[in-house]
Peer 1: 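Got a structure for you, written out below as structure tokens; questions coming shortly.
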Amino acid sequence: MLKKCSLNTDRRDSMIEITREVRKFIREQRVERGAVVIYCPHTTAGITINENADPDVKQDLIRRYDELYPWTNSADLHEEGNTAAHLKAVAVGSSQYVIIEQGDLLLGVWQGIYFCEWDGPRTRNYYIKILKEE
Amino acid sequence: MLKKCSLNTDRRDSMIEITREVRKFIREQRVERGAVVIYCPHTTAGITINENADPDVKQDLIRRYDELYPWTNSADLHEEGNTAAHLKAVAVGSSQYVIIEQGDLLLGVWQGIYFCEWDGPRTRNYYIKILKEE
Amino acid sequence: MLKKCSLNTDRRDSMIEITREVRKFIREQRVERGAVVIYCPHTTAGITINENADPDVKQDLIRRYDELYPWTNSADLHEEGNTAAHLKAVAVGSSQYVIIEQGDLLLGVWQGIYFCEWDGPRTRNYYIKILKEE
């Protein structure tokens, strides 16, 4: 049970909530119990789980990441110039793991799953892999 | 094989070792081989694996995280004022994955599993999910 | 399906690509579909997934991590003096999870799997655990 999804971003840094897409795939596959992995195959993007209520948290995270990992650092060697984006990708991680129970994601009340792009705008992919339990 | 556990924290930042609780559940379920996921359903808390010998490592990590992610940052928009706690939660991650072999956690000698709270004191939950291998 | 691997590092900080070792084990075990976890049992080392094309990305990451987590911080309590290495280990994470599809790793074109040592030179181990799907 594997699904490849796509999305578009419209600026350099963005966090796009994908909880609904993950939940939809679990329901379509009628999985009662197990786990799901959301995987990002890009090296300047990643997946994280964080607050889904106040969109300001997302804005603060993006801005503070830019303070921690400034786009320009005169000692960087990488000629593409996007070393900061690679570092942010490592910081959030390339995948997230969520438990499935009673046919749904076992997320906390305020948790959402986010695709994070750090070198957009781009068209990107991610994978949803369900691990069904008998 | 899913267990919901609770704990209380008594200050703003804390790292509480939960290795014993995870190990106990594996033994109770008599799982010989597989894997276990420890999952945190909160957005200002997370799970990490690190040194279990010298408690000073924990203190240094908490203090250095506070230097990297200062509680107050005048540009933060989030009205609850705990943006730093959300960032620390993303930094450690919302889950950890450990292999089970010969009926026990395949941890390194110095590794312990920690629940990390970044906006306490609170009563919190975490899940232990065992993935048994036949 | 569990394999213990070893490697040697020759300096304090290093990122060693281990994608080939992981791929080899999957082929030897003739796994068509499932997932694989690469796990690091050390507390000053970890596993990450990032760019495998330009080696400068690796150099930039190592140098920028040293800026974020300086080796010397006068407030550190840990007597071994390697608090920075523990922090870097938490930052990259102790494991990575990759999907297996059609008998191979479902990595992105530019993704490689790296063992990261932050307090070498050392001889180190890591585990490759395959989760086969029927």
Side-chain angles (χ1 to χ4, degrees), chain A residues 15 17 19 32-39 46-69 87-102 104-114 116 118 129-134, chain B residues 1-5 31 34-48 64-65 67-98 117-119 122 124-134:
Chain A
M15 292 176 66
E17 191 170 359
T19 316
E32 197 54 30
R33 184 173 299 170
V36 61
V37 174
I38 304 97
Y39 185 84
I47 312 289
T48 197
I49 294 174
N50 212 261
E51 157 123 8
N52 65 359
D54 178 3
D56 285 342
V57 173
K58 217 166 71 170
Q59 295 314 315
D60 288 348
L61 191 146
I62 288 171
R63 199 202 72 256
R64 285 216 189 190
Y65 263 37
D66 215 31
E67 293 169 7
L68 274 179
Y69 307 103
L87 278 151
K88 291 173 187 176
V90 170
V92 298
S94 58
S95 69
Q96 292 293 332
Y97 196 101
V98 185
I99 299 163
I100 299 172
E101 189 68 16
Q102 297 186 330
D104 198 4
L105 292 166
L106 192 63
L107 287 172
V109 186
W110 309 111
Q111 286 184 320
I113 306 168
Y114 290 88
C116 308
W118 307 115
K129 167 86 175 177
I130 296 178
L131 308 135
K132 194 179 178 174
E133 217 173 323
E134 302 311 323
Chain B
M1 295 185 189
L2 177 68
K3 189 180 183 181
K4 186 178 185 174
C5 302
V31 178
V36 61
V37 174
I38 305 96
Y39 185 83
C40 170
H42 309 289
T43 60
T44 59
I47 312 289
T48 196
R64 286 216 189 190
Y65 263 38
E67 294 169 7
L68 274 179
Y69 307 103
W71 192 261
T72 305
N73 180 315
S74 58
D76 283 346
L77 301 172
H78 184 43
E79 288 199 340
E80 262 188 86
N82 61 357
T83 288
H86 289 286
L87 278 151
K88 292 173 186 177
V90 170
V92 299
S94 58
S95 69
Q96 292 293 332
Y97 195 101
V98 185
E117 169 66 63
W118 307 114
D119 188 20
R122 304 233 195 188
R124 293 300 212 179
N125 304 312
Y126 60 94
Y127 294 100
I128 307 172
K129 168 85 175 177
I130 296 177
L131 308 134
K132 194 179 178 175
E133 217 173 324
E134 302 312 322

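Numbered from 1 within each chain, the chains take letters A, B, ... in sequence-line order. Only this structure's heavy atoms are used, side chains among them; waters, hydrogens and symmetry mates stay out.
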Peer 1: For atom CH2 of B:W71, is the number of surrounding heavy atoms from other residues, nucleotides or ligands below 6.0 Å larger than 12?
Peer 2: yes
Peer 1: Contact between B:V90 and A:Y65 at the side-chain level, heavy atoms closer than 4.5 Å - yes or no?
Peer 2: yes
Peer 1: Ion pair present between B:K4 and A:E101, side-chain N to carboxylate O less than 4.0 angstrom?
Peer 2: no
Peer 1: Would you please test B:Y39 and A:I49 for side-chain contact (heavy atoms from CB on, under 4.5 Å) and show each step?
Peer 2: CA-CA 11 Å; B:Y39 185 83; A:I49 294 174; 3.7 Å; yes
Peer 1: What part of B:H86 gets within 4.5 angstrom of chain A, counting heavy atoms only: side chain, backbone, both, or neither?
Peer 2: both
Peer 1: When heavy-atom pairs shorter than 4.5 Å are enumerated against chain A, which of B:S95, B:G93, B:G46, B:A75 gives the highest number?
Peer 2: B:A75
Peer 1: For B:Y97, is it the side chain, the backbone, both or neither that has a heavy atom under 4.5 Å from a heavy atom of chain A?
Peer 2: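 The side chain, not the backbone.
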Peer 1: Starting at NE2 of B:H78, measure out to CD of A:Q59 and round the result to the nearest 0.5 Å.
Peer 2: 12.5 Å
Peer 1: Identify which part of A:L131 has an atom lying under 4.5 Å from any heavy atom of chain B, answering side chain, backbone, both or neither.
Peer 2: neither
Peer 1: Given side chains that start at C-beta, do those of B:T44 and A:E51 come closer than 4.5 Å, heavy atoms only?
Peer 2: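 They are not in contact (no side-chain heavy atoms under 4.5 Å apart), so the answer is no.
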Peer 1: Quick check for you: to the nearest 0.5 Å, what is the distance between A:L106 atom CG and B:Y127 atom OH?
Peer 2: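 Taking CG in A:L106 and OH in B:Y127, the distance rounds to 4.5 Å.
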Peer 1: What residue, out of A:Q96, A:E133, A:Q111, has the most heavy-atom pairs lying under 4.5 Å from chain B?
Peer 2: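 Between A:Q96, A:E133, A:Q111, the count favours A:Q111.
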Peer 1: Between A:N50 and chain B, with a heavy-atom cut-off of 4.5 Å, which part of the residue counts as in contact: side chain, backbone, both or neither?
Peer 2: both
Peer 1: Here's a test for you: under side chain to side chain contact (heavy atoms under 4.5 Å, CB included), which of A:L61, A:D56, A:D60 qualifies with B:T83?
Peer 2: A:D60
Peer 1: Evaluate the side-chain proximity of A:R33 to B:L2: yes if any heavy-atom separation is below 4.5 Å, no if none is.
Peer 2: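 B:L2 does not reach A:R33 side chain to side chain.
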Peer 1: If you tally heavy-atom pairs under 4.5 Å against chain B, which of A:V92, A:V109, A:D54, A:V98 wins?
Peer 2: A:D54
Peer 1: To the closest 0.5 Å, what do you measure between NZ (A:K58) and CG (B:L77)?
Peer 2: 12.5 Å
Peer 1: Verify, without hydrogens or angle tests, whether A:R64 (side chain) and B:L87 (backbone) share a donor-acceptor contact under 3.5 angstrom.
Peer 2: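 No; zero donor-acceptor contacts below 3.5 Å.
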